[in-house]
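These notes are about the structure you will find just below.
To find a chain, count down the sequence lines: A is the first, B the second, and so on, and within it residues start at 1.
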Amino acid sequence: MSHPLIQIKNLYKSFGDTEVLKDVSIDINRGEVVSIIGPSGSGKTTLLRCINVLTKYDKGSIKIDNVEIGYASDDEKNRKERSEYQLSEFRSELGMVFQLFYLFPHLTALENVMLGLRKVRKLSKVKAADQAKYWLQRVGLTEKINSLPSEMSGGQQQRVGIARAVAMDPKVLLLDEITSALDPELVGEVLEVVQKLVEDGMTMIIVTHEMSFASDVSNRIVFMDEGKIEIDGTPSEIFDSKNERLNTFLARIKK
Amino acid sequence: MEAALSSLPYLMDGLLVTLQVTLLVVVFATIIGVILGVGISYGPLWLRILVRIFSDFIRGIPVLVLIFFVYYGLPAIGINMETFTAAVVALSIFKISHVIENTRGAIQSVHHGQMEAGKAIGLKFHERLIYIIFPIALRRFLPPWINSVADTAKGSALVSLIGVVDLMLAMQKVIGRTYEAMPVYIVGLIIYFIINYCLSLSSRKLEAKYAFIKE
């Protein structure tokens, strides 16, 4: 029987006294592009980070390919956290691109992309370099492969960030507000790259404030507010929605 | 002056001891200090507390007291060491505490996002340390570390006080024999200066080499 690629069920997460995720459930299928929108503090980034366990969730379940990712057993009452070692293996199957790029500053663009291929995928130097070059070419950075992050613009750095994530051939790509830290004129080049990956059929979860982009590329858009999924629907359902919170939010970001 | 020059070979033997002490202390202190520095940065709470107590305590006592304690104090509980060994052990303990702090500070200077980016591509903890954290932290680690090496070379003169015939004690002995304090001290000063000048030159080179982040 086929199952959704990602199954999130009754997820809860608190930071101290603040409940950031309250009973979040969502399924994401292979090849689907899902955008998560919502005001800051609504829990969208936390939800994304729970999926590759950069943030540990407290209660509930996240399964990827039917395997619980954060904990070693299904037994909710006394479950054991997964070891760092196991988590590393899971994470290598999930790609993540960060708002602030987080490129490795001591490595060139090529080396940034190669690191995971070499050390995690255990490819030979030649093969890793070939693949890294392929992906850097795909994101339009052939001339920059030997540049250090400090020698690149924000848009270029973020495209390296994307290449670094997709080169690992992940099951799903997690994009965490990847254009929020960019100068407005650099946003387009990054979104263009994402657009191409969507056309390739890559499964993606996109946390974003770019509404028109979200509506263009997504199969579904999820609106989160105060730690809950308020609406989950197609782009047209979302933008035609009568939901008051959603409309307040949309009106506020249009300004 | 002639006496000072004719005793140069003897002073060179002393210099050799000074360099041996310095080298051994630097090697031990760097290896153990970096390991404990990683421990205090990422280890479990009990380890962090232990290392913190060790580091604060050692840095709070004069190094001379530490040298005397190791050489004259430890035999009381059955630990006897040659002067040379005692000197290396005492100075190493002292330097370890400094390297711990260097390491901790250097690791802290690396943005946590770099660590997360390493996690996100599936690197394991030790791989993240080796390929990401250490290389980035290195440029913050090097300047104080090289100071520390220079300090060790200079501070090693204290080991003469427990009878290790290093450059300092060699000088004293020559002076005792020849009563030519000034010329001998001048030769000694020049040698100490040359050692540290070489160190500071190499430190500038190293820092330039690892200044890959433009700030």
Side-chain angles (χ1 to χ4, degrees), chain A residues 45 48-49 51-55 83-108 111-122 147-152 157 160-161 163-176 181, chain B residues 34-35 37-48 102-103 105-146 203 205-215:
Chain A
T45 289
L48 199 70
R49 290 170 57 86
I51 295 174
N52 67 355
V53 207
L54 284 181
T55 299
S83 66
E84 246 321 289
Y85 193 87
Q86 280 178 313
L87 285 180
S88 301
E89 311 242 299
F90 285 133
R91 289 189 188 119
S92 74
E93 303 296 324
L94 309 166
M96 180 141 190
V97 184
F98 299 87
Q99 182 177 4
L100 298 174
F101 332 137
Y102 297 141
L103 295 187
F104 308 129
H106 58 301
L107 301 179
T108 62
E111 290 165 339
N112 262 278
V113 182
M114 280 175 69
L115 186 62
L117 296 172
R118 292 272 285 141
K119 303 303 169 192
V120 180
R121 293 284 179 258
K122 315 281 185 208
S147 301
L148 289 171
S150 56
E151 298 161 341
M152 288 185 264
Q157 289 188 57
V160 176
R164 180 175 68 181
V166 289
M168 299 292 286
D169 190 20
K171 290 176 181 169
V172 55
L173 194 58
L174 311 170
L175 306 180
D176 184 15
Chain B
V34 167
I35 292 173
V38 170
I40 203 174
S41 303
Y42 298 112
L45 188 62
W46 61 266
L47 182 64
R48 297 209 302 265
N102 290 356
T103 307
I107 286 176
Q108 228 166 43
S109 76
V110 179
H111 196 288
H112 72 97
Q114 314 293 352
M115 191 70 157
E116 292 203 328
K119 279 184 187 176
I121 56 174
L123 291 173
K124 303 196 167 67
F125 177 72
H126 68 278
E127 294 168 329
R128 299 198 293 271
L129 279 186
I130 296 169
Y131 302 116
I132 301 172
I133 305 299
F134 283 165
I136 301 175
L138 190 62
R139 79 200 174 101
R140 287 248 191 274
F141 177 83
L142 275 180
W145 181 78
I146 288 168
S203 99
K205 281 224 172 93
L206 278 174
E207 278 173 45
K209 186 176 170 199
Y210 289 102
F212 47 78
I213 304 174
K214 294 170 189 90
E215 287 172 321

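Between A/D176 atom CG and A/L48 atom CG the span is 5.5 Å, to the nearest 0.5 Å. To the nearest 0.5 Å, atom CE of residue A/M96 and atom CZ of residue A/R164 are 11.0 Å apart. Taking CZ of A/R121 as the start and CD1 of B/I121 as the end, the distance is 10.0 Å to the nearest 0.5 Å. Separation of atoms CG (A/N112) and NE2 (A/H106) is listed at 8.0 Å; rounding is to 0.5 Å. To the nearest 0.5 angstrom, A/T45 atom OG1 is 11.5 Å from A/L54 atom CG.
Within the 3.5 Å criterion, the main-chain N or O of A/G116 finds no donor-acceptor partner in the side chain of A/K119.
For A/F104, the parts lying near chain B are the backbone and the side chain together; criterion is any non-hydrogen pair under 4.5 Å.
Proximity to chain A among residues 124-132 of chain B is limited to B/K124, B/E127, B/R128, B/Y131, B/I132, judged by heavy-atom separations below 4.5 angstrom. Within residues 83-94 of chain A, the residues having any heavy atom closer than 4.5 Å to a heavy atom of chain B are A/E84, A/Y85, A/S88, A/E89, A/R91, A/S92, A/L94, listed by residue number.
Residues passing the ring pair (Phe, Tyr, Trp, His ring centres under 6.0 Å) test with A/F101, sequence neighbours excluded: none. Applying the side chain to side chain contact (heavy atoms under 4.5 Å, CB included) criterion to B/S109, with sequence neighbours excluded, gives B/R140.
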Checklist entry - Can you check side chain to side chain contact (heavy atoms under 4.5 Å, CB included) on A/Q157 and A/V160, steps first, answer last? => result CA-CA 5 Å; A/Q157 289 188 57; A/V160 176; 5.6 Å; no

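Ranked by heavy-atom pairs under 4.5 Å with chain B, the list A/N52, A/L117, A/L115 is led by A/L115.
Side-chain contact check for B/V38 versus B/F134: some heavy-atom pair is nearer than 4.5 Å.
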